[in-house]
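Along the sequence shown, residues carry numbers from 1. Reckoned from all heavy atoms, side chains included, excluding hydrogens, waters and symmetry mates.
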Amino acid sequence: MATTRGAKIGIVLVVLAIILCGGLVVVDRVAASVAEDRITEETRNQLAANSVKYEGDPRVDVTGFPFLTQVVAGEYKKITISLTRPQIDTVKLDDLTVEARSVQADARDLMNGTGDVVAGVVAGTATMSWENVRPLLELAGLPSQIDPSQVDLKVVNNRIEMRIPLSYQGISVTLVARGSMVVETGKVRLKLEEVTSEQGNLPKYVNDFIRANQSRLQVSVRLPGLPYNLVVNNVQTTDTGLLINASAENVKLSGQ
């Protein structure tokens with residue numbers, strides 16, 4: 001009988017422990033959800049203040065369990081903010097994901113929407129289709145203006161390939177420029193490796209013109225300032241467009 005009674009007490013204690021743990025998990029997730037809602041609201045305000053447009057609502061995810069221990073410490077492991085089709089000025093991105101780490105925020109300020117929420121390190125990833133890259137092309141070094149909308153842009157064998165139509169002394173010529181995208185001091189440009197013409201049997205003076213302008217042609221992508229003061233670190237080319245990686249430090253996610 002004593003053994004049976006002891007076993008029953010043990011079962012009761014286990015059940016109570018499970019219920020208690022389950023309750024703590026629920027409370028923890030509710031607190032995280034409240035924080036996510038608050039950061040979402042602050043994100044909307046910050047983006048509106050910087051004239052950033054987007055589709056739908058920002059998606060915010062506060063990572064780390066238990067969340068309540070982060071609240072007590074006032075430091076949050078990672079907060080992820082995702083935007084769909086953000087637009088900055090005339091620049092259109094397909095998506096933008098921002099991961100903020102080592103986020104400092106007072107618990108009361110975070111819940112009340114007051115005070116500052118500051119991330120020690122922020123990493124951003126954005127994608128941009130070739131259709132949206134084309135209007136941002138800036139071509140310099142050629143004797144005549146080029147309409148970026150007329151430039152054919154694609155990736156061939158992991159290299160950027162551009163076809164640039166122009167006219168020289170009554171002859172229509174299509175320049176073919178090949179190279180790779182590089183980042184220099186936060187700016188994106190095309191590092192040219194080869195410039196040729198699409199047409200064969202061109203007059204000598206046209207070929208001379210092409211050779212003379214090979215070293216002068218400069219191609220860059222005009223990107224605006226990204227949200228959260230993100231600075232572009234590198235870009236990768238894909239069949240569909242650009243993959244942009246950026247970062248920043250000591251970024252204010254909310255607050256005045």
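- In the model, Thr84 has no side-chain atom that pairs as donor or acceptor with a side-chain atom of Asp95 under 3.5 Å.
- In terms of heavy-atom proximity, Ile88 sits nearest to Pro227 at CD1-CD, 4.1 Å.
- Heavy-atom minimum distance, Val133 versus Met128: CG2-SD, 3.4 Å.
- By the side chain to side chain contact (heavy atoms under 4.5 Å, CB included) test, Gln218 pairs with Ala140, sequence neighbours left out.
- Every residue meeting the side chain to side chain contact (heavy atoms under 4.5 Å, CB included) condition with Arg178, not counting sequence neighbours, appears here in chain and number order: Arg159, Glu161, Val176, Glu194, Thr196.
- The side chain to side chain contact (heavy atoms under 4.5 Å, CB included) check on Asp152 picks up Lys154, Arg163, with sequence neighbours excluded.
- Shown here for Asp94 and Ser129, the closest heavy-atom pair between the two residues is OD2-N, 3.3 Å.
- A search for side chain to side chain donor-acceptor pair (under 3.5 Å) contacts involving Thr80 returns nothing, not counting sequence neighbours.
- Taking the side chain as every heavy atom from C-beta outward, Gln236 and Leu242 never approach each other to under 4.5 Å.
- Asp57 meets the salt bridge (Lys or Arg N to Asp or Glu O under 4.0 Å) test with Arg44; sequence neighbours excluded.
- Ile160 and Leu243 fall into different hydrophobic clusters, defined by Ile, Leu, Val, Met, Phe, Trp and Tyr side-chain heavy atoms under 4.5 Å apart, directly or through other members.
- For Gln169, the side chain to side chain contact (heavy atoms under 4.5 Å, CB included) partners are Tyr205, not counting sequence neighbours.
- In this view, Thr125 satisfies the side chain to side chain donor-acceptor pair (under 3.5 Å) rule with no residue, not counting sequence neighbours.
- Here the shortest heavy-atom pairing between Ala246 and Leu230 reads CB-CB, 3.8 Å.
- Note on Trp130 and Leu192: same hydrophobic cluster, where clusters join Ile, Leu, Val, Met, Phe, Trp and Tyr whose side-chain heavy atoms are under 4.5 Å apart, directly or indirectly.
- If you chain together hydrophobic residues whose side chains sit under 4.5 Å apart, Val182 and Met162 never meet in one group.
- Residue pairs meeting the salt bridge (Lys or Arg N to Asp or Glu O under 4.0 Å) criterion with at least one partner in residues 218-237, sequence neighbours excluded, are Glu138-Arg222.
- Salt bridge absent: Glu193 and Lys191 never bring a charged side-chain N and a carboxylate O closer than 4.0 Å.
- Scored by the side chain to side chain donor-acceptor pair (under 3.5 Å) test, Thr240 finds Thr238 as partners (sequence neighbours excluded).
- Arg189 pairs by the side chain to side chain donor-acceptor pair (under 3.5 Å) definition with Glu184, not counting sequence neighbours.
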